[in-house]
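These notes concern the structure reproduced below.
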2 protein chains.
Amino acid sequence: MYDVGREAGVSHQTVSRVINDSPNVAEETQRRVREAMERLDYRPSASARSLAARRTRVIGVVTFVGAFFGPMSTIQAMEAASRARGYTPYTVSLADLELDHARALLDDLLQRDVEGLVVVAPTDEQAGLVDSVLPGDLPVLALEARLPGRPLVASDNELGGALAAEHLVSLGHTRIGHVAGPADWAEARLRTVGLERVLAERGLEVVAKVDGDWSARAGHEAWPVLRDAGVTAVYAANDQMALGLLSAMCEDRLRVPEDVSVVGYDNTPESEWYYPSLTTVEQDFRGVGEVGIQQLVRLVEDRAVERELLVSPHLVIRRSTAAVPPTVVPEEIS
Amino acid sequence: MYDVGREAGVSHQTVSRVINDSPNVAEETQRRVREAMERLDYRPSASARSLAARRTRVIGVVTFVGAFFGPMSTIQAMEAASRARGYTPYTVSLADLELDHARALLDDLLQRDVEGLVVVAPTDEQAGLVDSVLPGDLPVLALEARLPGRPLVASDNELGGALAAEHLVSLGHTRIGHVAGPADWAEARLRTVGLERVLAERGLEVVAKVDGDWSARAGHEAWPVLRDAGVTAVYAANDQMALGLLSAMCEDRLRVPEDVSVVGYDNTPESEWYYPSLTTVEQDFRGVGEVGIQQLVRLVEDRAVERELLVSPHLVIRRSTAAVPPTVVPEEIS
DNA sequence: CTTTCAGGTACCTAGTAAACA
DNA sequence: CTGTTTACTAGGTACCTGAAA
């Protein structure tokens, strides 16, 4: 900085003012300083700045989720949104980590003096860990899954489940099977709750339910159970599991949607090109991320924040769902 | 730090020694200091440390790729590998950014004094940008795509293409179609080169080639062109495009693999559950990331580095490929 | 006279405040 | 209103010094 000052014929103080866009610097001086910076290829040191200014302008993003399309889209959207607001995002992926290791990484985050944190901790165990490690006075926003005492931004999974259910019911299905997500995922439970509520309102209930692990394999393995229960429609808690179902049905020489309907969840880019094209609940992954950062920044800057903000998903109807096959009489099956 | 020193009855210097695991600190003193740190809930400030020590122990990971499974797996593997070697990874995603914006983010990276950089810049334009912005003396490792003058770690895409080709040729196919990746992606070009080399060795050539954009839609739209060229097998440069092909073939009432064979590339988790289960070239996404970080760390630490390191992919044979249909005589079609 | 352990001081690269021109 | 000078702060580390074993 001193070098830049010398080069431009001003004091280091003035250089500092230029860097921080402070007023009271003559246009001309500003130009000279910037040119000097350019000539010397000078870049202010982030470490020194945050040390002196006592703020880092860094916000952390902590996720326990693996390399899947949805969560990753959300994270990329959060990174862009942070930058747009003048914060640098520092993302830490804690997927597949023992809790002890995860604890160390959270500590690393605190040492970097993040000003706030977005946490995506889908399972109850992960949420507990985070809650126990993070100091209560650090601004933390829970994303997708609840964290005790923290504001939440999430996709409305219960609504999503309801949307899928209403669609199937409106097509006349009464024997509906469900491939749910892992029971320790809050998101998965909510998607089930929405489904069951709508069915209950119609005096129906799920004919067969299998808990999967989100993988296509899980969907594939769930099918025999649902088939034996005589379902005419299946609601899978994500598109991958729906894909596994489609594959298993195909092997059974069943036609979708003529013989059985399938609804997925997420609207991943591929789901449109499954065969048949998948009816699914689309959630706005990027939108959740953007709203999340917006709320976190408000939290960091001490402004009012919604305690809970849900982003609505919507149903995308494609070719994998149709009316109940008229020829199939439930009695034949059960 | 001073507070901790006072609490433990030692100087701040000794506290620093304990933090940095330096030798020459009595067990007893060490214990006292650690306890004091615990009691005061003390955490050293990363900014101050890197300022004083003149090193950040941060390495940057720059990627231009979106939220897809392969690249994301690589990145997550790199993060874990960096941490295992004592470096903090700082990942910057430049997907969908105008070059000017990207330039600003690269600058941010330099201000943070990263000690080295892994760059995933698949298109020529991106590589050019990176090359023009990064100082020549910064350790940079090119991942997946070449960067002038920088060591490279990549999956052997040419080999992958050759593997796919050899498989199809060995099944007797001579009328092979190709859905390639975007022409400005080096990876895509190499996958094509491998294919064409093997075919040329047999006196064959690609019957029809369409450039896609990696999306399933592109595969779907490519099919009519290949079909009209009378292909009996198609090699798609990634699994998503292969999925689009499968879907289009299904709509044409064509059976895979009886009527036409399909080979994909990547072995994404879903590809096993397409219908039929996809024959595809598996690349070791995580492996590439791990080797990449290993090489970068060597570079940063001034040790010898391979100029070029290719990780071999291998073929996963599943249900989407079979021998040429004997009934189809090329003359019938063309 | 080493080795082990600890303290003292300068310095890293900024930002900030006050006094002053 | 613009800009300089000086002195100090932030939270550490590097290096030298010195005492005890």
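The model shown is predicted, which means the values in this text are computed figures rather than measured ones. Quick note on labels: first sequence line is chain A, next is B, and so on, each numbered from 1.
For A:Arg303, the salt bridge (Lys or Arg N to Asp or Glu O under 4.0 Å) criterion is met by A:Glu301, not counting sequence neighbours.
Within 4.0 Å of B:Thr29, counting heavy atoms only, lie sugar-phosphate atoms of the nucleic acid but no base atom. Contact annotation for B:Thr14: backbone-only contact, meaning every heavy-atom pair under 4.0 Å involves sugar-phosphate atoms and none involves a base. Among the heavy atoms of the strands, none lies under 4.0 Å from A:Gly5.
Across the interface with DNA chain C, nearest-nucleotide mapping of B:Arg54 and B:Val10 shows B:Val10 to be the residue nearer the 5′ end. Of the two residues near DNA chain C, B:Glu27 and A:His12, the one whose nearest nucleotide lies more 5' is B:Glu27.
The structure places OG1 of B:Thr29 at 11.5 Å from CG of B:Asn24, a figure rounded to the nearest 0.5 Å. Taking CD of B:Glu38 as the start and CD of B:Glu35 as the end, the distance is 9.0 Å to the nearest 0.5 Å. Atom-to-atom distance recorded for A:Leu310:CG and A:Asn157:CG is 9.0 Å, nearest 0.5 angstrom. We find the CG-CG distance between B:Leu152 and B:Leu143 to be 7.5 Å, quoted to the nearest 0.5 Å.
Within residues 30-46 of chain A, no residue has any heavy atom closer than 4.0 Å to DNA chain D.
The shortest distance between the side-chain N/O atoms of A:Asn24 and the OP1/OP2 oxygens of D:dT2 is below 4.0 Å.
Read 5' to 3', the first and last nucleotides of DNA chain C with an atom closer than 4.0 Å to a heavy atom of chain A are C:dT13 to C:dA17.
If you take CE of A:Met1 and P of D:dT5, they are 13 Å apart, rounded to a whole angstrom. Here D:dA10 presents its C1' atom at 11 Å from CG of A:Asp113, a figure rounded to the nearest Å. In this entry the distance linking CD of A:Gln13 with C1' of D:dT9 reads 14 Å, nearest Å. Protein atom CZ of A:Arg49 is 17 Å distant from nucleotide atom C1' of D:dT9, rounded to whole Å.
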Base-contact (B) and sugar-phosphate-only (S) positions in nucleotides 16-21 of chain D, heavy-atom cut-off under 4.0 Å, - elsewhere:
------
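Between B:Arg43 and B:Asp41 there is a salt bridge, since a side-chain N of the basic residue sits under 4.0 Å from a carboxylate O of the acidic one.
At a cut-off of 3.5 Å, with distance as the only test, no side-chain donor of B:Thr91 or A:Thr91 sits close to an acceptor on the other residue.
Using cut-offs of 30° and 60° for the angle between ring planes, the A:Trp214 and A:Trp185 rings count as perpendicular. The aromatic rings of B:Phe69 and B:Phe285 lie perpendicular to each other, with more than 60° between the two planes, well past the 30° mark.
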Below 3.5 Å, can you tabulate the donor-acceptor pairs from side chains in residues 289-299 of chain B to any protein atom, sequence neighbours excluded?
{"unit_1": "B:Arg298", "atom_1": "NE", "unit_2": "B:Ala304", "atom_2": "O", "d": "2.8"}
{"unit_1": "B:Arg298", "atom_1": "NH2", "unit_2": "B:Ala304", "atom_2": "O", "d": "3.4"}

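For residues 55-76 of chain B, the set of pairs meeting the salt bridge (Lys or Arg N to Asp or Glu O under 4.0 Å) definition, not counting sequence neighbours, comprises B:Arg55-B:Glu115.
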